[in-house]
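Okay, so here's the structure we're looking at.
Just so it is clear, the model here is predicted, and its values are computed rather than measured. The basis for the numbers below is simple: all heavy atoms, side chains too, and nothing from hydrogens, waters or symmetry mates.
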Amino acid sequence: MSYEWIKALHVISMVAWMAGMFYLPRLYVYHVGAAAGSELSETLKVMERRLLRAIINPAMISTFIFGIWMLVLVPDYLSEPWMHVKLACIVIMTAFHGGLARWRRQFAADANPHSERFYRIANEVPTILLIVIVIMVIVKPFSG
């Protein structure tokens, strides 16, 4: 498979991952206001579980697979400062993904400890990370 195809699949996977990362915290904002055991709460639990397991997790995995594949094909990228920043953002994004999964389990157990404001702020994390990642990959600001 050519590098261009691998890159295209990487970008497609990343877009799916990011779509889920934008939407899941928004569902949590709505879930905070739903009474435990209510029809809305139970519906949100199903939506959250399906979004995480059927879209976000597979998209993250395929993003990693295609990204690593590209680095195997072009290992010189690993010596570039912009790639170091991108990889740091990916580590943070992955940790945030883990946080989303933990919060989903808490909602599933009707044990959410966070406020609506917390999830509104959390909803901005993927956006900030995406902006930094795209600038690093497209502009490559630290390249000489």
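Neither side chain, Trp69 nor His10, offers a donor N or O lying under 3.5 Å from an acceptor on the other. Side-chain contact annotation: Asn123 with Tyr23, donor-acceptor N/O pair under 3.5 Å absent.
Put simply, CG on Leu87 and CG on Leu78 are 7.0 Å apart, with the number rounded to the nearest 0.5 Å. Taken from CG in Leu100 to CZ in Arg105, the straight-line distance is 11.0 Å, to the nearest 0.5 Å. Phe66 CZ to Ile61 CD1: the interatomic distance, rounded to the nearest 0.5 Å, is 12.0 Å. Atom CD1 of Ile68 and atom CG of Leu73 lie 12.0 Å apart (nearest 0.5 Å). Here the CE atom belonging to Met70 is positioned 12.5 Å from the CD1 atom belonging to Ile65, to the nearest 0.5 angstrom. Note that CE of Met21 and CG of Leu52 are 9.5 Å apart. Values are rounded to the nearest 0.5 Å.
With hydrogens and angles disregarded, no donor-acceptor distance shorter than 3.5 Å links the side chain of Tyr30 to the backbone of Leu44. In terms of modelled atom types and a separation under 3.5 Å, the side chain of Ser62 and the main chain of Ser13 share no donor-acceptor contact. The main-chain N or O of Ala34 is never found under 3.5 Å from a side-chain atom of Ser38 such that the two would form a donor-acceptor pair.
Aromatic ring orientation, Phe96 versus Trp103: perpendicular (interplanar angle above 60°, classes split at 30° and 60°).
Two residues are said to be in side-chain contact when any heavy atoms from C-beta on lie closer than 4.5 Å; Met47 and Thr43 meet this criterion. Side-chain contact between Met93 and Met60 is absent, with no heavy atoms from C-beta onward closer than 4.5 Å. Between Asn57 and His97 there is a side-chain heavy-atom pair separated by less than 4.5 Å. Side-chain contact between Tyr119 and Leu24 is absent, with no heavy atoms from C-beta onward closer than 4.5 Å. The side-chain heavy atoms of Arg104 and Arg53, taken from C-beta on, include a pair separated by under 4.5 Å. Side-chain contact between Tyr28 and Phe118: absent, with no pair of heavy atoms (C-beta onward) separated by less than 4.5 Å. Considering only heavy atoms from C-beta on, Phe107 comes within 4.5 Å of Val32 through its side chain. With contacts defined as side-chain heavy-atom distances shorter than 4.5 Å, the pair Asp76/Glu80 does not qualify.
Listed here is the closest heavy atom pair of Ala54 and Pro58: O-CG, 3.6 Å. Ser41 approaches Ala35 most closely through the heavy-atom pair CB-O, 3.3 Å.
You'll find the ring centres of Phe22 and Trp17 outside the 6.0 Å limit.
Cluster membership for Val11 and Met1, using ILVMFWY side-chain heavy atoms within less than 4.5 angstrom, is shared. Leu27 and Val46 fall into different hydrophobic clusters, where Ile, Leu, Val, Met, Phe, Trp and Tyr residues are linked whenever their side-chain heavy atoms come under 4.5 Å apart, directly or through other members. Linking ILVMFWY side-chain heavy atoms closer than 4.5 Å, directly or via other members, places Val91 and Met136 in two distinct hydrophobic clusters. Cluster annotation: Met83 is connected to Tyr3 through the hydrophobic network of ILVMFWY side chains, with a link wherever side-chain heavy atoms come within less than 4.5 Å. Hydrophobic clustering of Ile, Leu, Val, Met, Phe, Trp and Tyr side chains at less than 4.5 Å, counting indirect connections, unites Trp5 with Phe64.
Under the side-chain contact (heavy atoms from CB on, under 4.5 Å) test applied with Cys89, the options Ile133, Leu130, Ile131, Val134 reduce to a single match, Ile133.
Ion pair Glu48/Lys45 not flagged as a salt bridge, since none of the NZ, NE, NH1 or NH2 atoms sits closer than 4.0 Å to an Asp/Glu carboxylate oxygen.
Remark: Arg50 CZ is loosely packed, at most 12 non-hydrogen atoms of other residues, nucleotides or ligands lying under 6.0 Å away.
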